[in-house]
Each structure stands twice: as C-alpha cells, then as structure tokens.
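For reference, the structure discussed in these notes is given below.
Here is how names work: the chains are called A, B, and so on, in the same order as the sequence lines, proteins then strands, and each is numbered from 1.
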Amino acid sequence: MNIPEPLNFIQEIIVNDLKTGKRTKVHTRFPPEPNGYIHIGHAKSICLNFGTALKFGGKTNLRFDDTNPTKEDVEYVDSIRDDVHWLGFDWENREYYASDYYDKLYEFAEELIKKGKAYVCELKGDEVSEYRGTLTEPGRPSPWRNRSVEENLDLFRRMRAGEFEEGSCFLRAKIDMAHPNMNMRDPAVYRIKKASHHRTGNKWCIYPMYDFAHPLSDWIEGITHSICTLEFEAHRPLYDWFLEALELPDRPQQIEFARLNLSYTVMSKRKLLELVQSKRVMGWDDPRMPTVCGLRRRGYTPSSIREFCERIGISKADSMVDINLLYFCIREELNKSAQRAMAVLDPLKVVIDNWEEGREEEVDVENNPENPNAGNRKVIFGREIYIEASDFMENPPKKYFRLKPDGEVRLKGAYFIKYVGVDKDASGNITQIHCTYDPATKGGDSPDGRKVKGTIHWVYAPKAVDAEVRLFDNLFTLENTGDIPEGKDPLDYLNPNSMIVKQAKLEPMLGKATLEDRYQFMRSGYFCLDSRDTQEGRLVFNRTVELKDSWGKAQAKA
RNA sequence: UGAGCUAUGGUGUAAUGGUAGCACAACAGAUUCUGAAUCUGUUUGUCUAGGUUCGAAUCCUGGUAGCUCAACCA
C-alpha cells in the first residue's frame with residue numbers, strides 16, 4: 001500500500017500495526033456526545049479520524065455517545081450530522097448510537113458480575129468519594145464489595161426493573177481500591193437515572209458509564225484505532241480492563257492526542273453555551289463563534305477548515321495555535337477563488353466637477369486578477385461617487401498615497417482624479433469632496449505615461465446598493481483564555497469590538513449576490529451574505545476575514 | 001506533594017543515533033490598476049545538568065516546568 005505523506009504519530013502507529021500484522025484493516029470512529037454544537041476542535045478530530053481511515057483505505061463510523069439522557073438532545077444530533085457532512089466527510093450508512101447497544105451492554109455487565117468482576121454498591125455519593133481515597137492516599141474497599149454473584153445479579157436485575165431510587169445503589173467494577181490511578185478504584189459501570197432518553201424513551205432506568213460503554217461500543221463496531229483527546233489517557237487502563245475482563249478478541253486500541261487550543265477564543269462547550277445563553281452572541285452560529293456552524297456562517301469554506309486541520313498537525317504536547325493560521329487558510333483559498341467587487345464601507349461623497357451632469361459610462365474591471373478565466377465586468381461610473389472616508393486626508397502623513405489636496409489618485413478601472421476642494425458642515429465635518437478627472441486616463445492609464453501611486457475603490461452613487469456590513473474580529477481580547485488571573489472569568493475579556501456594523505454602499509452587481517457567493521471587497525476583505533439575516537430587500541454581508549493591511553499596521557505603530 | 005503524560009524559533013510541527021527543516025507570524029526590499037496577492041532576503045530554536053557514543057533533539061539518569069486524574073459527566 002502506498003500511504004500519502006506526511007504521517008503524524010498516530011498514523012505511524014497504524015503503519016506499524018499493519019506491517020507487523022497486528023491489524024489487517026483500519027476502522028475509526030468520531031464519537032461526539034450530542035450535548036452541544038461541534039467546534040473547530042471537533043473538526044480537528046473529525047479530520048483526523050476520517051482522514052486517517054481514508055489514508056489507509058479504511059472506514060469511519062459516526063457514533064453518538066449518548067449514555068447520559070439528562071444532558072443530551074436530538075437538536076444536537078441533527079446539528080452534528082449536518083456539520084460533519086458540511087465539512088466534507090461521509091459515514092455512509094454507519095451512523096450509530098451507544099444507545100443502540102444498550103441490550104448488549106447490559107449483557108456484558110451481567111457477564112462481568114458472573115465473572116465476579118462487578119458488584120452492586122450501596123454507598124452514597126459522599127461516602128463513595130470518601131472510600132475512594134485521594135491522589136496520595138489509597139482508598140478502602142466498599143462494605144458491599146464482597147457480595148455473592150447471585151446477590152449482585154439479583155440486585156442488578158432489580159436496578160434495571162426500577163425497584164431502586166436514583167443514587168441508592170450503582171454497579172461498580174471490582175478492580176483495585178488502592179490503585180495509583182484513581183480511575184481504577186472500582187469505577188462506576190451503571191447508574192440509575194429515571195430519565196427519558198432521546199432514542200430509547202423510557203425503556204431503561206439504568207444507563208452505562210462512558211468508561212464502560214466506550215470500549216465495548218468500539219469493540220462491537222470493529223473499531224481498530226480509537227482516537228481521543230489527552231484527558232482520557234488515564235482512562236486507557238480502564239478501557240483495556242473491560243475488554244480483557246470480558247475476554248474479547250481483536251481488541252481496539254485507544255490512542256490519545258492533544259486537543260486544539262486557538263488563541264483569542266474559547267473552546268469549552270460550557271463557555272460556548274454560556275455565551276449563547278447570556279446572549280452575548282447571536283447564537284451557536286454567530287459568526288464570531290468557533291463552532292462549525294459559526295465558521296460556516298462567517299464564510300469559511302469546508303476546504304479551508306480541512307487545510308487548517310492539516311497544517312496544525314497532531315501531537316501529544318499541549319499547544320496554542322495562533323488564530324492567524326486560520327485566517328491565513330481562508331485568505332489563501334479565497335484569494336484564488338473569490339470574485340472581486342467594490343464596496344464602500346464608510347461612504348464619503350465625491351463630486352467630479354468637470355463631468356457632465358447626468359452622463360453615465362461603463363468601465364471595465366477584472367473579476368479576479370488571480371484567475372484570468374474569471375474575465376471582466378462592466379461597472380457604471382458617473383459624476384457622483386462614494387469613496388472610503390479613510391481614502392481622503394486633508395493633512396496626510398508621509399507616504400500617504402490616496403486622495404489628498406495635492407497629487408492624483410486612480411479610481412480603480414476608471415480615471416485619474418485630482419482634488420479641487422472640500423465642503424464642510426457648520427461643525428467642520430467634511431460632507432463632500434470636489435475633484436476633476438482627466439478624460440485621457442479612461443480605463444485607469446495615462447497616455448503620457450505618468451504614474452500614480454494610489455488606486456482606490458469607488459461606487460457610483462446614484463446606482464449604489466445599500467447593505468448592512470458586519471465586520472468581525474476576535475471574540476476575546478485575551479490571547480490565552482485558558483490562562484486568566486485569579487478571580488477573573490474568560491467572559492471578562494470579551495472584545496467589545498468583535499462586531500462592528502456598517503451601512504455600506506455597494507456596486508450594483510452585489511445586489512444579486514446569493515448565499516453561496518464569496519466576494520473580495522477590494523482593499524477590504526472577504527465577504528459573504530449572512531445566511532440568517534439577509535431577506536428580500538435587506539442585504540447583510542459578513543466579513544469572513546480582512547485583507548492583510550501593512551499600511552494600517554504601520555500607522556498603528558506610528 | 002501519588003500516578004501518568006509532555007517539553008524543538010514568537011506559534012505550530014518535522015528530523016525515527018549522522019548537515020536542526022517546513023509553515024504561520026514578524027522584519028526588510030522588489031513589484032503592483034487591491035498599501036492585497038506575488039517574489040527575494042533576514043531575525044529567532046533542541047527546558048536543564050550529567051552520562052553512553054566517533055557522533056545525541058533523538059538513548060540513559062537526575063532535576064525543572066507544564067498538563068491530566070479524586071462525577072453515579074463525557
């Protein structure tokens with residue numbers, strides 16, 4: 001088999017497994033708990049699981065890890081399914097649920113009891129933790145630890161029959177109360193929860209724990225490599241213990257990797273939920289959220305997210321990825337594919353005094369200089385136009401080569417213009433600018449070969465399309481939201497300017513934009529229509545990412 | 001402070017005992033009808049102290065730092 005490089009450490013393990021004959025195939029799974037929307041950290045896992053299987057000609061299952069009915073919901077199942085598909089991965093007909101296996105899992109539990117490897121414990125919550133000991137001290141055996149197999153079986157069956165109250169007893173694995181790994185100190189296997197499950201309804205009142213359900217679900221599905229994040233590392237001995245205790249052949253192997261941390265955002269489901277519930281964002285799909293649906297609404301493409309996940313790599317070291325890499329990935333793609341357009345975000349009226357009233361003309365502008373096949377388009381031009389307020393300065397600094405009292409500037413694809421004067425209101429604010437144009441420079445070039453340093457974008461005022469344009473920036477002002485001072489909350493560091501709304505003037509073509517279109521608003525950034533708030537007669541554009549701005553950066557420093 | 005894991009430029013990741021490389025970021029210059037893109041160049045790194053070896057980022061020992069674990073959550 002010819003495996004495409006590069007390989008991460010997990011794929012190296014797989015290559016070795018295949019070489020030694022430990023495995024003859026590769027089968028992975030993506031196992032989300034349906035208790036929230038998935039984010040870019042999950043996308044990393046999705047790309048790893050699906051991507052690895054693809055690399056080795058194997059398959060990947062989508063399995064919902066739904067063992068806690070009090071936290072899970074179908075709303076999340078649907079969104080996760082959508083998001084994984086949107087990212088570009090296909091699990092074909094292999095959509096499974098841990099709850100599909102409840103019968104089988106129950107049998108496994110009885111088998112464990114029959115082997116003398118599990119017992120029903122009647123310790124109460126705080127007693128359980130007291131008996132468990134601490135990190136430095138061993139635990140003590142539960143008084144119920146040595147019941148007979150018959151008694152345990154009877155009790156467990158009655159647990160299932162609903163004879164006991166929640167919290168009155170639970171099934172535990174009989175391992176080692178003095179084990180240095182706390183997870184091995186007789187962990188819970190089944191607990192009573194008199195809750196309705198989103199798939200099994202009221203069939204069950206006992207539910208298996210993750211540590212028990214996960215390895216066995218993997219085994220049932222024939223998973224070979226069970227890839228998960230680092231916090232489950234200490235659970236691996238338990239993962240193996242259940243499979244060994246039940247003497248199952250061809251056991252899956254758990255391998256852990258470091259989860260994604262991204263600068264200037266949060267990745268915990270709890271914090272994300274808090275942002276949504278406290279209405280500090282518009283919802284799970286707010287374009288500022290690191291959720292897959294948020295990134296999608298923001299204008300990210302599936303391929304840009306996959307590229308990002310490829311570039312960040314896989315390792316076991318905790319790390320913090322610079323969000324600039326994500327920005328780079330979407331810019332890189334959109335630069336090649338996005339249609340160029342002219343949009344003025346902060347409109348300033350310019351009147352071209354020597355242009356005849358009422359005269360209109362079409363000029364030619366290329367659709368994408370990176371792609372000659374994209375061709376040109378006609379853009380209407382005339383006496384009154386809008387330019388960006390920041391493209392004019394009365395008292396410009398050195399090297400400012402936009403419109404200023406002296407010199408010429410080029411209007412993209414149209415003419416050279418020259419400043420004549422400025423109108424101001426009573427309080428001294430500029431209301432409009434007067435210029436003259438040079439008719440010989442039509443198309444944007446001068447026959448006498450004179451150069452102009454600046455080229456600015458513009459929109460013909462009478463035919464301009466109005467739109468709301470939302471400029472997004474990082475949600476947080478703090479680079480590492482996981483490292484905050486004592487007594488502070490990440491939410492104390494929300495960026496008040498994470499969304500700035502502009503009333504913009506657009507070139508007419510943009511009035512016909514569809515939800516699928518991506519545009520580069522020239523000299524500004526990449527934009528797409530907002531899928532939620534755009535309506536008939538109301539255009540709302542989202543800025544996916546801004547263009548790099550070396551001038552702005554230099555000015556900020558000065 | 002019990003156990004486990006991790007440590008390579010600012011960030012992420014390669015190098016699998018044999019020239020420390022790539023990407024992002026940063027900085028400089030060229031170019032430009034987008035102050036974008038493109039092109040060229042530059043700065044910055046093996047946590048630490050020993051040991052093994054002709055040779056160590058890699059193997060060994062000690063230290064240091066960070067992360068994880070004491071839910072009937074996942």
Respond yes when some side-chain nitrogen or oxygen of [X] is under 4.0 Å from OP1 or OP2 of [N], and no when none is.
X      : N     : value
A:R132 : B:C72 : yes
A:K316 : B:C67 : no
A:K557 : B:C27 : yes
A:T136 : B:U1  : no
A:T67  : B:A74 : yes
A:R523 : B:G35 : yes
A:S550 : B:A36 : yes
A:K124 : B:C72 : no
A:K269 : B:A74 : no
A:R191 : B:C73 : yes

Tell me which nucleotide among [options] gets nearest to the side chain of [X].
X      : options             : result
A:E12  : B:A70, B:U16, B:A74 : B:U16
A:E33  : B:A3, B:G35, B:C73  : B:C73
A:R311 : B:G35, B:A23, B:A74 : B:A23
A:D322 : B:U13, B:G10, B:A70 : B:G10
A:M320 : B:C69, B:A74, B:G12 : B:G12
A:F328 : B:U32, B:A74, B:A25 : B:A25
A:L547 : B:C24, B:A36, B:A70 : B:A36

Practice prompt. Classify the side chain of A:R402 and the base of B:G35 as holding, or not holding, a donor-acceptor pair under 3.5 Å.
Written response: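 Indeed there is one.
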Practice prompt. Confirm from the modelled atom types if A:H235 and B:A74 form a donor-acceptor pair under 3.5 Å, side chain to base only.
Written response: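 Answer yes: a donor N or O sits under 3.5 Å from an acceptor.
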Just name whichever nucleotide pairs with [N], Watson-Crick or G-U, keeping both distances under 3.5 Å, else none.
N     : value
B:U32 : none
B:C59 : B:G51
B:A7  : B:U64
B:C69 : B:G2

[Y] ring center within less than 6.0 Å of [X] ring center:
X      : Y      : result
A:W458 : A:F381 : yes
A:F64  : A:Y97  : yes
A:F242 : A:H214 : no
A:F541 : A:F521 : yes

Item to complete: Nearest-nucleotide wise, let me know which of A:E370 and A:L123 is further upstream toward the 5' end of RNA chain B.
Response: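 That would be A:E370.
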Discussion item. Need to verify one output field. Residue with the more 5' nearest nucleotide on RNA chain B, A:D445 or A:A317?
Written reply: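 Nearer the 5' end of the strand: A:A317.
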Worksheet item: Quick one: is the NZ or CZ of A:R63 closer than 6.0 Å to the six-membered ring centre of A:Y96, and within 45° of its axis?
Response: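 The answer is no; the distance or angle limit is not met.
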Worksheet item: Where does B:A70 land, syn or anti, once you apply the within-90°-of-0 test for syn?
Response: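 B:A70: anti.
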Practice prompt. Classify the ring geometry between A:Y76 and A:Y37 as parallel (under 30°), tilted (30 to 60°) or perpendicular (over 60°).
Written response: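 It falls in the perpendicular class, over 60°.
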Worksheet item: Does the side-chain ring of A:W551 sit on the six-membered ring of the B:G35 base, less than 5.5 Å centre to centre and under 30° in tilt?
Response: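 The base of B:G35 is stacked with A:W551 (centres under 5.5 Å, planes under 30°).
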Worksheet item: Are A:R377 and A:E366 ion-paired here, with the side-chain N under 4.0 Å from a carboxylate O?
Response: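 No, A:R377 and A:E366 are not salt-bridged.
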Practice prompt. For A:L135 and B:C69, give me the distance from atom CG to atom P, rounded to whole Å.
Written response: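 A:L135 atom CG is separated from B:C69 atom P by 10 Å.
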